[in-house]
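Each remark here refers to the structure printed beneath this line.
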Amino acid sequence: MCQEDLAQVLRHLPKIENPNVIFGFDTVGDAGVYRLNGDTALVQTVDVLTPIADDPFVFGKIAAANSLSDIYAMGATPITALNIVGFPTKLDMKYLEQIIRGGMEIAEQANVALLGGHTIKDEDLKYGMSVTGIVHPEKMITNDKARPGDVLILTKPIGTGVISTALKAGKASAEAIEQINQSMISLNRAASECMVEIGAHACTDITGFGLLGHAAQMAQASNVSLKIKATDVPLFPEAMNCIVAGLVPAGTKKNAQFIRPQIEIDPAVGENLSLLLCDAQTSGGLLISVDSKDAESLLKNLHERGVTEARIIGEVISQQEKVIYVVDQ
Ligand code: CO
Ligand code: CO
């Protein structure tokens, strides 16, 4: 579902009135937080994907890492998970076994107890997890506290959408596929721990609405505007070639259309890079808003903890006419 449709639906639903719901879907986050007591809150999220890799084991890993991402984006620790599977009867059960094995491997890596799950017959194959995490209610990180003067750090390169579209068309190199798979299966755990340690102000993970879509949600929730330096955004090496070759997912085009009125793009950035900044991501990185005095040490910590692709991509400014200003350099 695109951002516009989702906003339409949510607008018509009643607001949740419960004092223990300390972060819910009216703030357009995709995880909710429920306070259990003074020092523990539950963070809950769910995400399901259709296959994005040919290998079922790899797909299982990607879907699991993707499902865990919203928990990490809130600076929380995932503790339990349940599998959700949609499975076509025509598929071999061995395929399902490989998917679940992939999910289990990631759950183990994340130190998450996989408690069970549910499988339904479905036309298309789908897999994901519902994940529960815990966080101290005063230490949770949300997308609504970015402050003017903050620096923006993105922890993974952009381009999984266009490269998987190239993969489906048989036009992605083995190297490009390996690069996105490695990135999509890597947990945002280290990035999350680093931002919690340093006391980052706000965070969101980059998934279906693309970098600019999720960045805009963060800006609007925080009542600020953002300045993003297009040439500083880390990209997968073959992502630009995919855009040039027209291998662009429908979701990416929708994202670009939806975001257009809210942003101002320096013409020097060009159509192709602008579109890539809207590319629908799967299991993307964290976009972290951090005090400028802490930005360099956060970046250093991220690199030391193996989040080697993390880059400073822009800054938070006071609220202006546009939500995001994309500058060339
Ligand atoms: Co999500
Ligand atoms: Co998210």
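Quick caveat, the model's predicted, so the values are computed rather than measured.
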Residue pair [X] / [Y]: nearest heavy atoms and the distance that separates them:
X: Ala31; Y: Thr45; result: CB-CB, 3.9 Å
X: Ile84; Y: Ser130; result: CD1-N, 3.9 Å
X: Gln281; Y: Gly161; result: NE2-N, 3.8 Å
X: Ala256; Y: Cys278; result: CA-SG, 3.7 Å
X: Asp328; Y: Ala268; result: OD1-O, 3.7 Å
X: Ile106; Y: Ala65; result: CG2-N, 3.8 Å

Output yes when a side-chain donor or acceptor of [X] lies under 3.5 Å from a complementary backbone atom of [Y], and no otherwise.
X: Ser192; Y: Tyr72; value: yes
X: Asp266; Y: Val327; value: no
X: Ser222; Y: Lys145; value: yes
X: Arg35; Y: Pro19; value: yes
X: His214; Y: Phe209; value: yes
X: Thr207; Y: Ser283; value: no
X: Ser292; Y: Asp150; value: no
X: Ser297; Y: Asp294; value: yes
X: Asn37; Y: Thr40; value: yes
X: Ser67; Y: Ala63; value: yes

Going by atom types alone, do [X] and [Y] pair a side-chain donor with an acceptor below 3.5 Å?
X: Thr252; Y: Asp279; answer: yes
X: Asp205; Y: Ser69; answer: yes
X: Gln109; Y: Glu105; answer: no

Would you say the side chain of [Y] lies within less than 4.5 Å of the side chain of [X], judging by non-hydrogen atoms?
X: Pro234; Y: Ile313; result: yes
X: Gln220; Y: Gln262; result: yes
X: Leu125; Y: Leu91; result: yes
X: Leu154; Y: Arg311; result: no
X: Asn255; Y: Leu212; result: no
X: Leu49; Y: Phe59; result: yes
X: Gln44; Y: Val131; result: no
X: Ile99; Y: Arg101; result: no

To the closest 0.5 Å, what do you measure between [atom1] ([X]) and [atom2] ([Y])?
X: Met218; Y: Cys203; atom1: CE; atom2: SG; value: 7.0 Å
X: Arg305; Y: Cys194; atom1: CZ; atom2: SG; value: 4.5 Å
X: Asp232; Y: Ile153; atom1: CG; atom2: CD1; value: 12.0 Å
X: Asp39; Y: Lys139; atom1: CG; atom2: NZ; value: 9.0 Å
X: Ile263; Y: Leu226; atom1: CD1; atom2: CG; value: 11.0 Å
X: Asp291; Y: Ser289; atom1: CG; atom2: OG; value: 9.0 Å

Go through Ile158 and Val233 one step at a time and tell me if the side-chain contact (heavy atoms from CB on, under 4.5 Å) criterion holds. CA-CA 8 Å; Ile158 297 293; Val233 175; 3.9 Å; yes
Let me check something: do [X] and [Y] share a hydrophobic cluster, defined by ILVMFWY side-chain heavy atoms less than 4.5 Å apart, either directly or through other members?
X: Ile141; Y: Leu68; value: no
X: Leu187; Y: Ile52; value: yes
X: Val151; Y: Leu298; value: yes
X: Leu286; Y: Val135; value: no
X: Ile79; Y: Leu82; value: no

Ion pair check, [X] and [Y], cut-off under 4.0 Å:
X: Arg189; Y: Glu193; answer: yes
X: Lys322; Y: Glu264; answer: no
X: Glu304; Y: Lys300; answer: yes

Should the heavy atoms of other residues, nucleotides or ligands under 6.0 Å from [atom1] of [X] be counted, would the total exceed 12?
X: Met104; atom1: CE; value: no
X: Lys126; atom1: NZ; value: yes
X: Gln320; atom1: CD; value: yes

Where do Lys156 and Glu309 land on the salt bridge (charged side-chain N to carboxylate O under 4.0 Å, His left out) test, with the steps shown first? CA-CA 6 Å; Lys156 285 185 188 179; Glu309 302 279 357; over 6 Å; no
Please test Phe23 against Met140 for side-chain contact (heavy atoms from CB on, under 4.5 Å), starting from the C-alpha separation and ending with a verdict. CA-CA 10 Å; Phe23 193 76; Met140 69 171 179; 4.0 Å; yes
When you look at Thr160 and Phe236, which way does the side-chain contact (heavy atoms from CB on, under 4.5 Å) test go after all the steps? CA-CA 8 Å; Thr160 65; Phe236 288 102; 3.7 Å; yes
Determine, step by step, whether Arg147 and Val224 satisfy the side-chain contact (heavy atoms from CB on, under 4.5 Å) criterion, reporting the C-alpha distance in whole Å, the side-chain angles of both residues, the deciding distance to 0.1 Å, and the verdict. CA-CA 7 Å; Arg147 302 178 200 163; Val224 295; 5.9 Å; no
